[in-house]
Number of protein chains: 2
Amino acid sequence: VASEGERPAHPAGRDLAWWGWGSAEHPRALPSGALDLLGAELGPLEPAPAAPDAELPAPRPVAALEGVVALRADHEARRAHAAGKSYPDLVRMRSGRPGRAPDAVAAPASPAEVGAVLRACAAAGIAVVPFGGGTSAVGGVDPLAGGHTAVVALDLGALDRLEDVDARSGVAVLGAGLRLPEAEALLSRHGLTLGHTPQSYEYATVGGCVATRSAGQASTGYGRIDELVAGLHAVAPAGELRFAPRPPSAAGPDLRELVVGSEGTLAVVCSAALRVRPAPGRVRREGWSFPTLTAGLEAFRVLEQGGDAPDVARLSDAEETRISLAQGGRSRAVRALGGYRRLRGHADGCLAILGWEGEGETIARRRGRAADVARRWGGVALGAGPGRAWARGRFSAPYLRDALLDAGVMVETLETAATWSRLEALHAAVGGALHDALASRGTPPIVMCHVSHLYPVGASLYFTFLARREAGAELAQWRAAKQAASEAIVAAGATITHHHAVGTDHAGWMRAEVGETGLALLRAAKRELDPDGILNPGKLTP
Amino acid sequence: VASEGERPAHPAGRDLAWWGWGSAEHPRALPSGALDLLGAELGPLEPAPAAPDAELPAPRPVAALEGVVALRADHEARRAHAAGKSYPDLVRMRSGRPGRAPDAVAAPASPAEVGAVLRACAAAGIAVVPFGGGTSAVGGVDPLAGGHTAVVALDLGALDRLEDVDARSGVAVLGAGLRLPEAEALLSRHGLTLGHTPQSYEYATVGGCVATRSAGQASTGYGRIDELVAGLHAVAPAGELRFAPRPPSAAGPDLRELVVGSEGTLAVVCSAALRVRPAPGRVRREGWSFPTLTAGLEAFRVLEQGGDAPDVARLSDAEETRISLAQGGRSRAVRALGGYRRLRGHADGCLAILGWEGEGETIARRRGRAADVARRWGGVALGAGPGRAWARGRFSAPYLRDALLDAGVMVETLETAATWSRLEALHAAVGGALHDALASRGTPPIVMCHVSHLYPVGASLYFTFLARREAGAELAQWRAAKQAASEAIVAAGATITHHHAVGTDHAGWMRAEVGETGLALLRAAKRELDPDGILNPGKLTP
C-alpha cells in the first residue's frame with residue numbers, strides 16, 4: 001500500500017434516486033401476482049407515484065465555509081442530501097415538498113479538512129450533518145438545523161482510500177467514505193475481505209457503518225461492525241480521537257465504543273482500522289424448514305451457544321415463510337418446495353437460510369455439525385435452491401419498496417434484539433402491537449419477522465410490515481405503528497434497535513434504553529467534543 | 001433463584017496477609033535449589049523479611065458516615081485495606097510504615113447503601129476507594145485522599161448474591177462482592193460456569209474483574225470479562241446506571257464499555273449480568289515444545305485466526321522455558337523432559353501449554369485440529385505432564401513472590417498486547433529495556449515472557465522480571481524498570497496494559513494510550529457522574 005493509500009479503480013455509483021433507493025434506472029418490478037396478493041390481503045390499493053421533482057427551500061448563506069472546503073449549493077446536490085432512506089424520509093421526498101434540505105454540501109478531501117469545516121461551522125453557528133452513503137433507515141441524516149443559522153451536509157465520499165493493510169494481523173485501515181463494494185474490491189487485491197454485507201451494502205460506507213453499529217447479513221459469522229473495529233480516527237470540533245489498531249486492552253474504559261454508534265453526534269469518523277480475513281474460497285447456502293418457530297429458535301440457540309452457528313443464519317416466522325413462498329410465484333420450483341414442506345408436516349413451518357463461507361473442507365465439517373443440530377429440532381434440508389434465491393435477492397428489498405410505495409402500500413421494517421429466553425414473547429408482542437395499531441386505523445397489516453443475527457446470549461428479530469397507505473396521513477399512520485411497536489419492545493425488555501441505529505426515529509426511546517444517567521453521560525461527552533452542539537442535531541438523544 | 005438471591009454456603013477466605021498474598025498460613029516455600037539458581041544469576045541476595053506490623057497514621061474522623069453504613073476503623077480493618085498487592089504496595093506495607101491507610105472501612109449491604117455512602121461522602125468531602133478482593137497489581141486500591149478531608153475503603157464483600165440465573169440465555173447476574181470461587185460454587189449448582197480464572201482467582205471479585213477489564217487464564221476460550229458483560233448495575237454519586245442483559249445493540253455508543261474498566265473512578269459496580277455456559281465435562285491440558293518463539297507465535301496466530309485456538313494457549317519464550325525447567329528441580333520428569341527437548345532439536349525451544357474444556361468428543365476434535373497446526377510450525381507434543389504441572393501451580397506465583405521478597409529479590413510482572421505483526425519487536429524492545437534499566441543500576445535482571453491471550457488481530461505478552469533488590473531504594477529501582485518498560489511499550493505501538501488495568505502505576509501513560517481528547521472525554525464522564533471527584537482519586541488518569 002502506497003503512503004497515500006489505494007483508491008477504488010471503479011468507484012461505486014453514488015446516484016441514489018432522490019425519491020427512492022439506488023439508481024433511477026435499476027429495475028424495480030414486483031414479482032408477478034404480488035399486487036393481487038397484497039390487494040387481497042390489505043384491501044384495495046390506490047397508486048401513489050412520486051412527485052416529478054422536490055421543491056427545496058432557498059439555501060441560506062454559508063459564507064464561513066467558502067475557501068475552506070469544496071462546496072456545492074445547487075439543487076441536485078442539496079436534493080441528494082436532503083434525506084436518508086427511511087419510510088418517513090421517502091414519504092417526505094416523494095411528496096415533492098420535503099420542507100428542508102441542507103443549505104450546502106461540503107466535501108472535505110482529508111481529515112484535516114474535516115477539522116477545518118467543523119471549526120468554521122462551530123464559529124459560525126452552522127449545523128453539520130455527516131453524510132456517508134445516505135442510506136439511513138431511521139432519519140440519521142435528516143438535515144435538521146437544531147436552532148443553528150444553517151445546516152451543511154458533510155459528504156465524506158472523498159475519504160475513499162485503503163490507507164493500510166496488515167494482512168498478518170488481519171487489519172485494514174479504510175477511509176470512511178469508501179462504499180462497501182469499493183472496500184471489498186480494494187481488499188480483494190490483497191486476497192482479503194471485510195465480510196460486512198448489510199442490506200444497504202451497495203451504497204453504505206465504512207464510516208456510516210461504524211457510526212451506526214451496523215450488522216451485515218453474515219455477521220453471525222463475521223461479527224458486527226463494532227466487533228470488527230480495532231482502531232479508528234475521528235475528528236470532533238474540540239479535537240481528534242486516534243486509536244491505533246490493537247487487541248483488547250485493560251487501559252480504562254473502551255473509548256472506541258463511545259465513538260462507534262455515536263451517529264455523527266460526537267465526532268466524524270474519518271477512517272477505521274477494521275478486522276479483515278482471507279477472502280473465502282467457497283460459499284455454501286441452503287434452505288431448511290423447521291416445523292415451528294420455537295423449534296427453529298431452539299436449533300439456532302443451541303448452534304450459537306455451542307459454537308456451531310453458520311455464518312449466515314436466518315429464520316423466517318410462519319407468516320414471512322408463507323409470503324415468501326407466495327411471492328415466489330407459480331414457478332415449478334416453488335410449487336415443488338411447497339409440496340415437499342406439506343409432505344413433511346411443515347405446512348405452516350418456518351423457512352431458514354443457512355450459509356457458510358471459507359474453504360471447502362471447513363464448510364463441509366461445519367455444515368455437518370449444524371445439520372446434526374438442526375435435525376434434532378425437526379429441521380429438514382431443502383437444498384441449495386432457497387439459498388440461491390435468497391442470495392439473488394439479498395439487496396433487492398429497498399428497490400421493491402419503491403415499487404410498493406408507487407402502488408400505494410406502506411412498507412416499513414424495524415428490528416430489535418433480546419436474550420434467548422425473551423425472544424418468543426417479544427415476537428408475539430411486537431407483531432400484536434403492529435396488528436392492533438394498524439387495524440384500529442382501518443389498515444390491517446401483514447406483519448412478517450425473521451431472526452437474522454445470533455449471539456450467545458440472544459438474537460435479533462427483524463420485522464417487515466405492509467399496510468394500505470393512508471393517503472394524506474402517511475406519517476401519522478407510520479407514527480402510530482412505530483409508537484406501538486417501540487412500546488412493545490421496551491416493555492419486553494429488548495433493545496430499541498439491533499442494527500438500524502437511533503437517528504431521529506428512535507431518539508424518543510433512548511431514555512428507556514440507557515436511563516436518565518446514561519443520557520446525561522452522552523450529553524456530557526457531547527459537551528466535551530462538540531461544545532456548540534453543531535454535530536447532527538436531533539439525532540441519538542431526545 | 002429466590003428473589004433475594006443465593007449466597008455462598010462457604011464464603012471464600014478474606015484473610016489476605018497484610019504483608020503479602022493469601023492466607024498467612026498458606027505454604028510459600030520456593031522450589032529446592034531456586035535460591036541457589038537465583039543467587040548465581042542475580043548476585044548475592046540479602047534476606048529482607050517483612051516488618052512485624054504496619055504502623056498506620058491516626059484515623060481522621062468520618063462522622064458523616066455514622067448511621068449510614070456498617071463502619072470499622074480498627075487497626076486490622078484499616079491495615080487490610082491499606083494497599084493492594086502490587087510490588088510497590090508490598091514494599092510499602094512490608095516496610096512497616098506504609099504512610100497511609102483508609103480512615104475507615106465502610107461495608108454497604110446493598111446498592112442503595114452504596115448510593116447513600118457516596119452521597120454522604122460527596123457532601124462531606126470524603127474520598128471513596130471501592131474495594132473488592134484487594135488484589136490490584138497496579139495500585140488500584142491505594143487509599144489516596146486526593147485532597148479530600150479523609151478517605152474510606154468501600155468494601156463490597158456483602159454484595160455477595162447470585163441474583164438471577166437465565167440458563168437458556170446463558171446469563172447470570174452476580175453481586176460485585178462475590179469472590180470468583182464463590183461465584184463458581186453458586187453457578188455450579190445450576191450446572192454452569194463463568195470460566196474466568198485470573199491468577200488472582202482465589203481472592204478476586206466479580207466487581208473487581210469488571211471494573212478492571214480482567215482476563216483469565218482460559219480467556220482465549222471463554223473471553224475476557226469485558227466480552228462476558230451482558231448487563232450491569234453501577235452506582236455513582238450523581239445517579240445510577242442500569243443496563244439490562246441484552247445482546248449487542250445499535251442504540252448509540254455502548255455505555256457499558258464506559259463503566260467496564262473505569263476502575264471505581266466513575267461509578268461503583270454493584271452487580272454484573274455475565275455470560276455463563278454449561279460447566280465443562282472434561283478438561284485436557286498438555287505441553288508442547290516449539291523450536292523458536294517465532295514458530296510458536298505463528299502457530300498461535302494461525303490457530304486463533306482460523307478459529308481453532310485452544311481455550312488455554314500459553315507460550316513461554318526461551319528464557320521463561322529455561323527457568324521453568326530449571327525451577328522444576330532435579331526430578332526425573334524434568335530431566336526426562338529436558339532430554340527429550342534436546343533430542344528433538346528444541347534445546348533452546350519454547351514451552352507451550354494448550355488446554356481445552358468441554359465434552360470429550362469436542363475436545364478430541366478441537367485438539368486434533370490444533371495439533372495439526374502446531375506440527376506444521378515444528379511443534380512437538382510433550383504429553384499431559386507439563387499441563388498438570390501448570391494447572392497445579394496456576395495460582396501459586398503470588399505466594400512465591402512473598403518468599404522471593406523475603407529472600408531479597410525484586411520480582412514484578414507487567415503485561416501488554418499488540419497486533420500480531422508487532423509482537424516480536426515488542427518482545428525484544430521490552431525485554432531489552434528492562435535489561436538495560438536494571439543492569440545500569442548494578443542489578444541485572446532475569447526477564448521472562450509468555451504469550452497467554454490470543455485475539456484475531458493480536459495477542460498479549462506477559463513479562464516477569466527478577467533482580468537483586470536495592471535495599472532502601474526499592475521503589476526507585478522499581479520505578480526505573482517500570483518507566484523503561486512502559487516507554488518501550490508505547491514506542492512499539494502496544495497497549496500499556498492488557499489485563500492488569502491502570503491504577504496508579506499506568507496513569508502516567510494514559511495520555512499516550514488515549515490522547516489528549518480521550519483524557520478529556522474520561523474527565524467529562526467523571527465530572528458528570530462524580531462531580532465532587534471523590535471516587536478513587538489518583539487512579540486511571542494522570
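The chains referred to below are lettered A, B, ... by the order of the sequence lines, with proteins before strands, and numbering in each begins at 1. Just so you know, these numbers use all the heavy atoms, side chains as well, and skip hydrogens, waters and symmetry mates.
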Exercise for the section: Might you point out which heavy atoms bring A/Ala417 and B/Pro247 nearest each other, and give the distance in Å? Expected result: CB-CG, 3.9 Å
Exercise for the section: Write down the atom of A/Glu513, the atom of B/Phe243, and the distance for their closest heavy-atom approach. Expected result: O-CD2, 4.5 Å
Practice task
Grab the two heavy atoms, one from A/Thr495 and one from B/Ala251, that are nearest each other, plus how far apart they are.
Solution key: OG1-CB, 4.0 Å
Exercise for the section: Quick one: pull up CD in A/Glu528 and CG in B/Leu519 and give me the separation to the nearest 0.5 Å. Expected result: 10.5 Å
Problem - Exceeds 12 heavy-atom contacts within 6.0 angstrom, atom CZ of A/Arg422 - result: no
Problem - Contacting moiety of B/Val260, where chain A heavy atoms sit under 4.5 Å - result: backbone
Problem - A/Leu522 to B/Pro253 - nearest heavy-atom pair and separation - result: CD2-CG, 3.7 Å
Exercise for the section: For residues A/Arg527 and B/Arg527, determine if any side-chain heavy atom of one lies less than 4.5 Å from a side-chain heavy atom of the other. Expected result: no
Handout entry: Heavy-atom proximity to chain A below 4.5 Å, by part of B/Ala273
Key = neither
Exercise for the section: Check for a donor-acceptor pair, side chain of A/Ser249 on one end and backbone N or O of B/Thr497 on the other, with a separation under 3.5 Å. Expected result: yes
Handout entry: side chain to side chain contact (heavy atoms under 4.5 Å, CB included) between B/Leu266 and A/Leu521, intermediate numbers included
Key = CA-CA 11 Å; B/Leu266 298 181; A/Leu521 263 179; 5.9 Å; no
Exercise for the section: For residues A/Glu263 and B/Gly252, report the shortest heavy-atom separation together with the two atoms involved. Expected result: OE2-N, 4.4 Å
Problem - Among the listed options B/His500, B/Glu516, B/Arg301, the residue most often paired with chain A at heavy-atom distances under 4.5 Å - result: B/Arg301
Exercise for the section: Report yes or no: does A/Ser169 contribute a side-chain atom to a donor-acceptor pair with the main-chain N or O of B/Ser421 at less than 3.5 Å? Expected result: yes
Handout entry: A/Arg277 side chain to B/Gln305 backbone, donor-acceptor under 3.5 Å
Key = no
Exercise for the section: Would you mind checking which part of B/His498 comes under 4.5 Å of any heavy atom in chain A, side chain (CB onward), backbone (N, CA, C, O), both or neither? Expected result: both
Problem - Residue part contacting chain B, namely of A/Thr517, when any heavy atom lies under 4.5 Å - result: both
